[in-house]
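Every chain is numbered from 1 and lettered A, B, ... according to where its sequence line falls, protein lines coming before strand lines.
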Number of protein chains: 2
Amino acid sequence: MNTPELCLGALLCGDASGYEIKQRFETIFSHFQKASFAAIYPALTRLEADGLVTARVETQQKRPAKTIYSLTEAGRQRFIDALHESQGDEIFRSDFVLQMFFAELLDADKLAETLERHEQRLRETIARLEAVRDQGGHSPGQRFTLDYGIAVKRASLAFVEQSKATFIHEEPEP
Amino acid sequence: MNTPELCLGALLCGDASGYEIKQRFETIFSHFQKASFAAIYPALTRLEADGLVTARVETQQKRPAKTIYSLTEAGRQRFIDALHESQGDEIFRSDFVLQMFFAELLDADKLAETLERHEQRLRETIARLEAVRDQGGHSPGQRFTLDYGIAVKRASLAFVEQSKATFIHEEPEP
DNA sequence: CCGTAATATATCAGGCTGATATATTACGGC
DNA sequence: GCCGTAATATATCAGCCTGATATATTACGG
């Protein structure tokens, strides 16, 4: 899915400004999609021109004015169509795994740091997803995405923990 | 890591043409990195200009001539430096998870197909990684990347299998 | 003999990221 | 009361990258 289609999906969760759509990418979608402001704002302009969203300006007392976008019925249908046509493609790219591929070229110190840093990031991600899950109020689909993320990250963490012994050989204190 | 740096890594596994480097991205690196021809060829030209690789043309009896690239010592050192400086960033983007997030908007048929298609892809990926692993001859680091991929994909598969019942309600035959 | 696949390189349009810029307000510290 | 930092809100640009497409040659199966 490209950024315009993803914006339609974000707006399915409720009317929002470009800034608020970006926030949705960084919260509810954060573990499986992302988009930058530089992709979102032009996408919204284009979607409005195509009649898939409508825009209204909202002036705020204590904040800059914002342009709120709403899905039109055509926009809603377009997103549902895109969801049905999607092939469910996944992209995984990892510099961590690349580092491990060439583990023999890393200093012992750097290798240990790489593994521990990755472990820590996995723990943080798991904790964050669990916190969101435990807030409750999710649809079965939303719940699936959280539990799926947690299951996968836990498996990664377990594997890294278990592999540490193979790669890190503690030097005795001098 | 950007494409030029990744090409240096690919060349660490032995001299290669642009075409052969692409093949390495599709085999040994396939489960954690990727790059297209349109990124690889300009990268190699640039790396040669920077003295990080050398090029030689090799004419073949039964194939078009190819330009073989070799790492220079500077190129080797540059890659090792990049490996040490890398923050081990990971990118995961999944249209499958997006489909599940909005599972309620999918037809029952499409939802079942989405889950089964994803299951099948996971099984294929696991089988491919296991086949490579079972060929043997890998360094500990390479072995780690294969086992890590297998562990993560198995966890994904187990979770999807277990979740199917929640989302797919078999209609009795009419 | 024909079509398809593999080898080998190259390029282009378009999409996206990361960085940067601008303006406003809120808030904590001193 | 002042200053810096953070959050809100939008916008733009260079540069990188993908997907598609093009070209030429050879191998192979039907």
Tell me: [atom1] of [X] to [atom2] of [N], nearest whole Å?
| X | N | atom1 | atom2 | value |
| --- | --- | --- | --- | --- |
| Leu6(B) | dC16(D) | CG | P | 14 Å |
| Lys66(A) | dA7(D) | NZ | C1' | 13 Å |
| Lys22(A) | dT12(D) | NZ | P | 17 Å |
| Asn2(A) | dA20(D) | CG | P | 13 Å |
| Ile21(B) | dA8(C) | CD1 | C1' | 13 Å |
| Asp89(A) | dT18(D) | CG | P | 15 Å |
| Ile40(A) | dT17(C) | CD1 | P | 8 Å |

Transitively linked via ILVMFWY side-chain contacts under 4.5 Å: Phe25(A) with Phe37(A)?
-> no
Please check if Met1(B) and Leu105(A) belong to a single hydrophobic cluster, counting links between Ile, Leu, Val, Met, Phe, Trp and Tyr side chain heavy atoms closer than 4.5 Å.
-> yes
Dot-bracket notation for DNA chain D, counting Watson-Crick and G-U pairs under 3.5 Å, with | for partners on another strand = ||||||||||||||||||||||||||||||
Does Arg121(A) come within less than 4.0 Å of Glu124(A), counting only side-chain N to carboxylate O?
-> no
Is a salt bridge present between Arg56(B) and Asp15(B), judged by a nitrogen-to-oxygen distance below 4.0 Å?
-> yes
Between Tyr69(B) and Arg93(B), name the one whose nearest nucleotide on DNA chain C is closer to the 5' end.
-> Tyr69(B)
For Ile68(B) and Thr3(A), take the nucleotide of DNA chain C holding the closest heavy atom to each; which residue's nucleotide lies nearer the 5' end?
-> Ile68(B)
Across the strands shown, which category fits Arg46(B) at heavy-atom distances under 4.0 angstrom: base, sugar-phosphate, nothing?
-> nothing
Strictly by modelled atom types, are Asp81(A) and Gln77(A) linked by a side-chain donor-acceptor pair under 3.5 Å?
-> yes
Residues within residues 23-37 of chain A bordering DNA chain D, heavy-atom distance below 4.0 Å = Gln23(A), Phe37(A)
Within a reach of under 6.0 Å around CZ of Arg78(B), are more than 12 heavy atoms found that belong to other residues, nucleotides or ligands?
-> no
Determine whether more than 12 heavy atoms belonging to other residues, nucleotides or ligands lie under 6.0 Å from atom CZ of Arg123(A).
-> yes
Can you figure out which of [options] approaches the side chain of [X] most closely?
| X | options | result |
| --- | --- | --- |
| Ala38(B) | dC13(D), dT9(C), dT18(D) | dT18(D) |
| Tyr41(A) | dC17(D), dT9(C), dA9(D) | dA9(D) |
| Tyr19(B) | dA9(D), dT18(D), dA8(C) | dA8(C) |
| Ser17(B) | dT10(D), dC17(D), dT9(C) | dT9(C) |

Measure the acute angle between the ring planes of Phe101(B) and Phe32(A), then classify it against the limits of 30° and 60° as parallel, tilted or perpendicular.
-> tilted
Write down the atom of Cys7(A), the atom of Leu44(A), and the distance for their closest heavy-atom approach.
-> CB-CD2, 4.4 Å
